[in-house]
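Data block below; observations after.
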Amino acid sequence: MLLALAWQDHAVIVLYLVVLVAMGVHFARKQTSGSEYFLAGRSVPWFALGLSIMATLMSSLTYLSEPGEVWLSGITTIVAKWIAILTEMVVVLLVIIPFLMRFRFTSVYEYLEYRFGRGPRRLAVALFLCLIVSWMRFVVLAMSWTVSRVTGVPLAVVTATVGVTGTVYTMVGGMRAVIWKEVLQVGLMLGGCLVCIGYVLTHDTNADWLAKSDEYRRTVDPGGSSLTWFPADAFERISVAGVAATMFVWHLCTHLGNQMVVQRYFSSSDVRAARRSFATAACASLLVNTLLVVAGLALVSFYLAGHGAAWFDPYKLPKRDADLIFPMFMVNELPPGLAGAVLVAVLSAAVSTLDSGVNAIATVISVEAKKSESVRFAKRVTLVAGLCITAAAYALNLLVKDRNILEMMPRSFNCFLVPLGGMFFLGFFVPRCGPKAAMVASAAGLLTAISLAYSRELYGIADDRGRPLSFTLILPVTFAVLLVVGLLGSLVNRSRPEQTAGLTWFTRRDRPKIPDHLVA
C-alpha cells in the first residue's frame with residue numbers, strides 16, 4: 001500500500017458523491033414522461049450534449065491509460081487519435097448524423113426492425129447488452145482496482161461506492177441528470193490534467209519532455225521509439241497506423257450502433273444541433289486526450305529527474321502497472337485536498353460511463369418491452385442493471401492478468417462492437433443486403449473478433465518472444481471480414497423493396513414505410 005489519502009481528500013470525494021445524488025434529486029422533479037426520462041424532452045443544448053458524448057466515450061479507462069501508455073509507446077497513441085478523429089469527423093458529420101436524425105426513434109435498434117426485420121433487431125439488442133455490461137463492469141473494475149491500489153481502500157468498498165452512487169442518481173434523475181453531470185465531469189477531467197501538469201512544471205524546470213520520453217524509451221527498449229508509424233510485423237504491439245485504424249473503426253461503429261451515443265443525438269432538437277454536439281465532442285476529446293499525453297510526458301520527466309524515487313523505479317515498470325502511474329502521482333505528490341480533487345476526476349470518469357450505460361440499458365429494454373412511457377419500469381431496470389454491473393465488476397478481477405487497460409479494451413468488450421455497428425453499416429450502405437446476410441455477417445464478425453483477441457490462448461499463435469497478435473488488428477480485421485461476408489451474403493439474401501425505401505443512404509430520398517410519427 002502506498003500513501004493513504006488524507007482526511008481532506010476523503011472530504012472532497014464525499015462532497016462530490018453528495019453533489020451527484022443531489023443533482024439526481026433535482027432533475028427528478030422534471031420527469032413527466034418517458035420522453036423526458038430517456039431523451040430529456042429532446043431539448044438539451046447542443047454544447048451540453050457534445051460534452052456529454054465526449055465524457056461518455058472517454059471513461060476512466062482512457063483517463064488512466066493515456067498517461068500510462070506514454071511510458072510504453074511515447075506519443076504514438078495521440079498522433080493516431082488525431083488522425084482517426086479528424087477523419088471520422090467527415091463521415092459522422094456528413095453522413096451518419098444527417099441520416100439517423102431523419103428518424104424519431106427512442107432506441108436506435110428500432111431502425112434495424114424496419115430495415116431487416118425482428119431477428120436482426122433482437123440480435124443487435126443482445127450484442128448491445130453484452131457490449132455495455134462488459135464495458136461497464138470493466139470501467140468500474142479498472143477504476144476501483146486503481147484507486148484501491150494507490151490509496152489502500154479495499155477494492156470492494158471502492159467498487160460498491162462507485163456502482164451504487166452512479167446507479168442511484170441515474171435512476172432518480174434520468175437522462176437530463178446524466179447529461180449535466182457529464183458536463184461537470186469534463187471540467188473535472190480538464191482540471192485534473194492541468195493541475196498535474198502545473199505541479200510538474202513547478203518542480204521540474206527541464207521542459208523538454210519529449211526528449212526525456214525518447215531517452216527513456218531507448219533505455220528500456222533499445223529498438224523502441226516515442227513515435228512508431230508502422231508495425232514491423234503482426235505482433236508489433238502498437239503503431240500509429242494500427243491505433244488510427246482501430247480508433248477509426250471504433251468511432252464509426254460506436255456512432256452507428258451504440259445506443260449510449262446515438263441516444264444523445266436523438267436528445268437534440270434537430271440535425272444542426274446534433275452536428276454541433278458531435279463537433280463539440282470531437283474537439284473536447286482531442287483536447288483532453290492531448291492534455292493526458294502531455295501529463296504522461298511530464299511524469300516521465302518528473303520521475304527520471306529522481307522525484308518520488310523512494311517508491312517508484314521507472315526502469316522496473318511492469319506493463320500492467322503503467323496505468324497506476326497517474327493516480328499514484330496524485331496521491332503521493334499532490335498536497336492533501338488537491339490530491340482528492342484530482343482523484344475525483346478519475347472517479348467522475350468512471351461514474352459517467354456507468355450512468356450512461358445503465359441509462360441506455362433501461363432505454364433499450366423499456367422500448368423492447370413496449371414500456372417506453374413507463375418511468376417506473378425504467379427506474380427498476382436502471383437499478384437492477386447498475387447493481388448487476390457492480391457485482392460483475394468485482395468478479396472480473398481475474399481476467400485482466402498482466403495486460404494493461406489499453407490492450408484489454410479491444411480484447412474484451414469491444415469484441416461485440418463491430419458485430420453490432422457492422423449491421424448498421426450494412427443496413428445504411430449495402431441496399432442489397434438482406435436480414436439473413438446481415439445476421440451471418442455479424443456472427444462472422446463476432447467469431448473473428450474473439451479469435452483474434454485470444455489467438456494465443458485458443459490457437460497458440462505467438463511470435464518467438466511469446467507476444468500475441470497486436471490488439472490493434474482486432475477491430476479493423478473484424479470489420480473487413482464482416483463487410484466481405486455481408487457483401488457475399490447479399491448475393492444470396494436480398495432485401496425486399498419495403499426494407500430499403502428511405503432506409504439506406506442511397507434510397508434516403510424515398511418515403512420509408514414506417515409510422516409517420518417516427519419520421520422527422
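Bear in mind that the values here come from a model prediction, so they are computed numbers and not experimental data. Throughout, numbering of the chain's residues begins at 1 and tracks the sequence.
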**Prompt:** Quick one: does Leu190's side chain get under 4.5 Å of Leu287's, heavy atoms only?
**Reply:** yes
**Request:** Could you tell me whether the side chain of Gln499 and the main chain of Arg496 form a donor-acceptor pair under 3.5 Å?
**Result:** yes
**Complete:** In this structure, OG1 of Thr280 is separated from CZ of Phe47 (nearest 0.5 Å) by 9.5 Å
**Message:** Using the rule given for side-chain contact (heavy atoms from CB on, under 4.5 Å), can you reason through Ile132 versus Met260, listing the C-alpha separation, both sets of side-chain angles and the distance that settles it, and then say yes or no?
**Reply:** CA-CA 9 Å; Ile132 297 305; Met260 285 175 59; 3.2 Å; yes
**Request:** May I ask you to check whether Thr77 and Glu66 show a side-chain donor-acceptor distance below 3.5 Å?
**Result:** yes
**Item:** Pairing residues for Phe128 by the ring-ring contact (aromatic ring centres under 6.0 Å, His included) criterion, not counting sequence neighbours
**Value:** Tyr109
**Prompt:** Are Glu88 and His255 close enough that some pair of their side-chain heavy atoms sits under 4.5 Å apart?
**Reply:** yes
**Message:** Between Val91 and Thr87, does the side-chain contact (heavy atoms from CB on, under 4.5 Å) criterion hold? Intermediate values first, please.
**Reply:** CA-CA 7 Å; Val91 180; Thr87 306; 5.7 Å; no
**Prompt:** How many angstroms lie between atom CG of Leu86 and atom NZ of Lys81, to the nearest 0.5 angstrom?
**Reply:** 13.5 Å
**Request:** Using the test ring-ring contact (aromatic ring centres under 6.0 Å, His included), find all partners of Phe326 that sit at least two apart in sequence or belong to another chain.
**Result:** Tyr63
**Side chain proximity check, Val519 to Arg104, heavy atoms < 4.5 angstrom** = no
Compile the donor-acceptor pairs under 3.5 Å between side chains in residues 417-443 and protein atoms, sequence neighbours left out, one pair per line.
unit_1 : atom_1 : unit_2 : atom_2 : d
Ser442 : OG     : Pro419 : O      : 2.9

**Prompt:** Which heavy atom in Leu100 sits nearest to a heavy atom in Phe266, and how many Å separate them?
**Reply:** O-CE2, 3.8 Å
**Asked** So, does Glu113 use its side chain to make a donor-acceptor pair with the main chain of Glu110 at under 3.5 Å?
**Response** no
**Prompt:** Could you give the distance from CG (Leu447) to CG (Leu452), rounded to the nearest 0.5 Å?
**Reply:** 9.5 Å
**Request:** Look at the side chain of Ser277 and the backbone N and O of Trp46, then say whether any donor-acceptor pair between them is shorter than 3.5 Å.
**Result:** yes
**Message:** Using only atom types and a distance under 3.5 Å, with no angle test, would you say the side chain of Gln259 pairs donor to acceptor with the backbone of Val108?
**Reply:** yes
**Item:** Side-chain (Arg275) to main-chain (Leu93) donor-acceptor, under 3.5 angstrom
**Value:** yes
**Item:** Partners passing side-chain hydrogen bond (donor to acceptor under 3.5 Å, both in side chains) against Thr290 (at least two apart in sequence or in another chain)
**Value:** Trp82
**Lys513 NZ to Glu498 CD distance, which is reported to the nearest 0.5 Å** = 5.5 Å
**Request:** For residues His251 and Val92, determine if any side-chain heavy atom of one lies less than 4.5 Å from a side-chain heavy atom of the other.
**Result:** no
**Asked** Are the side chain of Asn289 and the backbone of Ser285 linked by a donor-acceptor contact shorter than 3.5 Å?
**Response** yes
**Request:** May I ask you to decide if Gly242's main-chain N or O and Thr246's side chain share a donor-acceptor pair within less than 3.5 Å?
**Result:** yes
**Prompt:** Angle class for the Phe99/Trp505 ring planes (parallel below 30°, perpendicular above 60°, tilted otherwise)?
**Reply:** tilted
**Message:** Could you report the tightest heavy-atom contact between Leu292 and Cys193, atom names first, then the distance?
**Reply:** CD2-SG, 3.4 Å
**Message:** Is there a side-chain contact between Arg121 and Arg118 in this structure, where contact means two heavy atoms from C-beta onward sitting under 4.5 Å apart?
**Reply:** yes
**Asked** In Å, rounded to the nearest 0.5 Å, how long is the span from SG of Cys415 to CD1 of Ile474?
**Response** 6.0 Å
**Asked** Should the pair Phe103 and Tyr111 be assigned to parallel (<30°), tilted (30 to 60°) or perpendicular (>60°) ring geometry?
**Response** tilted
**Fill in**
Rounding to 0.5 Å, atoms CD1 (Ile365) and CG (Leu129) come to a distance of 5.5 Å
**Prompt:** Which pair of non-hydrogen atoms, one from Val133 and one from Ile361, has the smallest distance, and what is that distance?
**Reply:** CG2-CD1, 4.3 Å
**CZ/Arg272: more than 12 non-hydrogen atoms of other groups inside 6.0 Å** = no
**Message:** Can you tell me if Arg511 has over 12 outside heavy atoms packed within less than 6.0 Å of its CZ?
**Reply:** yes
**Item:** Check against side-chain hydrogen bond (donor to acceptor under 3.5 Å, both in side chains), Tyr459 and Ser451
**Value:** CA-CA 8 Å; Tyr459 311 114; Ser451 297; 3.1 Å; yes
**Asked** Under 3.5 Å, is there a donor-acceptor pair between the Asn359 and Gln263 side chains?
**Response** yes
**Asked** With a 4.5 Å limit on heavy-atom distance, are the side chains of Phe479 and Cys253 in contact?
**Response** yes
**Item:** Nearest non-hydrogen partners of Gly386 and Thr167, listed with the distance
**Value:** CA-OG1, 3.2 Å
**Prompt:** Which heavy atom of Ala444 sits nearest a heavy atom of Val485, and at what distance?
**Reply:** CB-CG2, 4.0 Å
**Prompt:** Distance-only, no hydrogens or angles: does the Ser268 side chain make a donor-acceptor pair with backbone N or O of Tyr265 under 3.5 Å?
**Reply:** yes
**Message:** Walk me through whether Asp270 and Met101 qualify under side-chain contact (heavy atoms from CB on, under 4.5 Å).
**Reply:** CA-CA 7 Å; Asp270 52 35; Met101 290 298 291; 5.6 Å; no
**Sub-4.5 Å side-chain heavy-atom contact between Phe248 and Val243** = no
**Message:** Using a 3.5 Å distance criterion without hydrogens, assess whether the side chain of Thr500 forms a donor-acceptor pair with backbone atoms of Pro497.
**Reply:** yes
**Request:** Decide if atom CZ of Arg509 counts as having more than 12 heavy atoms of other residues, nucleotides or ligands within a radius under 6.0 Å.
**Result:** no
Between side-chain atoms of residues 49-56 and protein atoms elsewhere (two or more places apart, or another chain), which donor-acceptor pairs fall under 3.5 Å?
unit_1 : atom_1 : unit_2 : atom_2 : d
Ser52  : OG     : Glu182 : OE1    : 2.2
Ser52  : OG     : Arg264 : NE     : 2.9
Thr56  : OG1    : Ser52  : O      : 2.8
Thr56  : OG1    : Glu182 : OE1    : 3.4
Thr56  : OG1    : Glu182 : OE2    : 3.0
Thr56  : OG1    : Arg264 : NE     : 3.4
Thr56  : OG1    : Arg264 : NH2    : 3.4
Thr56  : OG1    : Ser356 : OG     : 3.0

**Fill in**
Ala362 and Val381 have their tightest heavy-atom pair at CA-CG1, 3.7 Å
**Fill in**
Residues passing the side-chain hydrogen bond (donor to acceptor under 3.5 Å, both in side chains) test with Thr504, sequence neighbours excluded, are Thr507
